[in-house]
Participant: 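Below you will find the structure I want to go over with you.
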Amino acid sequence: MAAGIDDIAIYIPRLYIDAADFADNRGLDPVKLQKGLGVSQMAIVDSNQDPACLAANACLRIMQKNKLSPDDIGRLYVSTESAFDESKAMNSYVIGMLEQVYGQGAFEHCGGVETKFACVSGSYALYDNANWIRADEADGKAALVVVSDIAKYDMGSSGEMTQGAGAVVMLLNDDPRLLAFDPKVTSTSIKDEYDFYRPFGKETPIVHGQYSNLLYMIQVRKALEAYKRKVVSSGLIKMEAGETILDHMDYINMHLPYSNMGKKALAYLVRHEWRQLPRWKNILKEIGMDEPIPKDPRGTIESVLGDEEFMAKDHEFTKLFTKTQAYQEVYESKLSSSLIASTMIGNLYTASLYLGFRSSLEFEYQKGIDLEGKRVGFGSYGSGSSAMVFSGVVQPAYKEMVKDMNLEAEIGDRKRLTWDEYEELHENKLSPEESMVHSKKEFVLVHVNTEKESRGERRYIFNE
Ligand code: COA
């Protein structure tokens, strides 16, 4: 039985901090944000929003757009790394909000859990729900997988320039109009690591940014190796001599903690794949330098990062490599459209990869490209750490879903925060009733209990 993504919807908070204002107030070169990281605007949550109401707003949009009733939905999973409760799952909050619109008990048949593994858990949730459908357990119902996060870092930290917030929801069924997953090829890698983590009770993560970036690329490469073995042994893809697996992916979506990380990760994977092929000779000729090797090629991530001479040479090599015509073609045709939304919105942790997929569909369609039958590869990464590589094929009915996608319209009118407003929000100085935007037809947080017996209970309303 087929399984895949039938439709996709987003909810992005309407407040943002502009990269130029951020750079100005932090004493940074604005070019570092805009060109170095690919960050133009970062979405920031209002004082009456949390990751649960971002998720519920995305779910309501996809249900209303597709005229779905709660009876059409058999499972609702929420994947997040912004959880605010150690026990109560975020999907129960989301169902509570949706039932304010659809009626008390309307979702009582609908199972689900909150999943956690930094930014990769949404991909595990998609895989598990696709398998629920493939196993014919769905009883004709669809699954909703919603990925929702607030990427918030300490004031003045290097992560602060890669913030963002939002939710993406995907409707999964056995006759998907958008993308059917390739069966039996999903591959993972995993390793106990401390590149990025958020201990109990801490609102912001502890981040080793450069370490995390390199680990991300290594883990995705390992998952890609496993994926390659599976596509060949399952007969899904026939690889001819001189080809790489990336030649068989028309589009590649990468996890995007910031937009340029997609570029960096793609360059790393392409280098890794092409190094073994006859075409590499010509690439090296065009670059005019040999590929640098670390002093200790079998060393740890720390030893590679600490090898300053290697890091500087590798940086130079990567810059030259990404300017080659062969790499530019891969970048422009397979990845570039997926980065546009990230530049405008910022980091969405679990939702970043899927916002990228959504962005790729919209902006590739606008180029007039026929997407039917195109294979889309996904490189998902979560700190801590695990990677997942999988793929799917765009379905004949995709146009019906993609033709009306309009990122700007879906985000809605945005308010550019002043620096003072940004700091007040970041430091949680405003109560829900002091929110900056007075939204209509949206779920908002109105109260978090502080009394001993009901501490942490949250109340939400649907703003008519
Ligand atoms: N003009 C143009 N580009 C500039 C620049 C300037 N003035 N200054 C720096 N840059 C470029 C750098 O060359 C670099 O590009 P490269 O990646 O192609 O080499 C890029 O901007 C970033 O600069 P860098 O010095 O590496 O930034 P940093 O060390 O201050 O911080 C992060 C960058 C991404 C490591 C940091 O923001 C972070 O930790 N973010 C959190 C990431 C995260 O969440 N990871 C976990 C999940 S995967």
Side-chain angles (χ1 to χ4, degrees), residues 17 19-20 22-24 26-40 42 80-82 116-123 147 149-165 189 191 193-198 204-221 223 253-268 271 292 301 304-305 308 310-323 327 331 339 342-343 345-353 355-356 379-388:
I17 182 90
F22 184 92
D24 195 25
R26 285 276 173 251
L28 295 167
D29 180 354
V31 186
K32 173 170 180 177
L33 275 85
Q34 276 150 7
K35 293 263 185 314
L37 297 164
V39 174
S40 296
M42 295 181 268
T80 186
E81 56 178 301
S82 316
K116 173 172 72 184
F117 201 137
C119 305
V120 74
S121 68
S123 304
V147 278
D149 267 307
I150 298 171
K152 178 172 179 176
Y153 294 83
D154 285 338
M155 286 279 202
S157 67
S158 72
E160 196 193 4
M161 56 195 161
T162 59
Q163 299 184 109
S189 71
K191 187 161 187 270
E193 285 279 3
Y194 272 105
D195 56 324
F196 170 113
Y197 60 105
R198 188 166 67 88
T204 50
I206 295 171
V207 193
H208 307 293
Q210 303 294 358
Y211 186 98
S212 188
N213 284 355
L214 184 52
L215 183 60
Y216 158 11
M217 296 189 284
I218 293 170
Q219 290 298 339
V220 173
R221 194 194 75 211
N253 291 295
M254 301 300 301
H255 168 51
L256 301 175
Y258 53 96
S259 151
N260 280 8
M261 188 58 211
K263 245 187 230 177
K264 244 172 129 86
L266 182 70
Y268 180 91
R271 264 170 77 176
I301 293 179
V304 172
L305 292 173
E308 283 177 22
F310 165 75
M311 289 303 290
K313 276 205 178 130
D314 194 63
H315 193 255
E316 188 189 346
F317 184 89
T318 306
K319 286 270 170 264
L320 294 170
F321 174 64
T322 53
K323 288 196 179 108
Y327 176 78
Y331 167 72
L339 307 182
S342 170
T343 304
I345 296 164
N347 192 0
L348 305 188
Y349 289 160
T350 51
S352 297
L353 175 64
L355 182 70
S380 189
Y381 175 70
S383 294
S385 68
S386 178
M388 182 184 276

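Whatever order the structure lists ligands and atoms in, that order sets their numbers, starting from 1.
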Participant: Between ligand 1 and the protein, which N/O pairs fall short of 3.5 Å?
Facilitator:
from, atom 1, to, atom 2, distance (Å)
ligand 1, 7 (N), Asp29, OD2, 2.8
ligand 1, 17 (O), Lys264, NZ, 2.6
ligand 1, 18 (O), Lys319, NZ, 2.9
ligand 1, 19 (O), His315, NE2, 2.5
ligand 1, 26 (O), Gln210, NE2, 2.9
ligand 1, 27 (O), Lys32, NZ, 3.3
ligand 1, 29 (O), Gln210, NE2, 2.8
ligand 1, 30 (O), Lys32, NZ, 2.8
ligand 1, 37 (O), Ser158, O, 2.7
ligand 1, 40 (N), Thr162, OG1, 3.1
ligand 1, 44 (O), Tyr153, OH, 2.3

Participant: Is any side-chain heavy atom of Met161 less than 4.5 Å from a side-chain heavy atom of Arg26?
Facilitator: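 A side-chain contact under 4.5 Å is absent here.
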Participant: With sequence neighbours left out, what residues match Gln219 under side chain to side chain donor-acceptor pair (under 3.5 Å)?
Facilitator: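 Counting only residues at least two positions away or on another chain, Gln219 forms a side chain to side chain donor-acceptor pair (under 3.5 Å) with Ser189.
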Participant: Can you check whether Ser383's main-chain N or O pairs, donor with acceptor, with Glu193's side chain at less than 3.5 Å?
Facilitator: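 Checked: no pair found.
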Participant: Do Tyr349 and Pro205 touch side chain to side chain, with heavy atoms closer than 4.5 Å?
Facilitator: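 SC-SC contact between Tyr349 and Pro205 confirmed.
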Participant: Are a donor atom and an acceptor atom from the side chains of Asn213 and Tyr258 found within less than 3.5 Å of each other?
Facilitator: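 A donor-acceptor contact under 3.5 Å links the two side chains.
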Participant: For a quick check under 3.5 Å, do Thr162 and Asn347 share a side-chain donor-acceptor pair by atom type?
Facilitator: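 Result is no, nothing qualifies.
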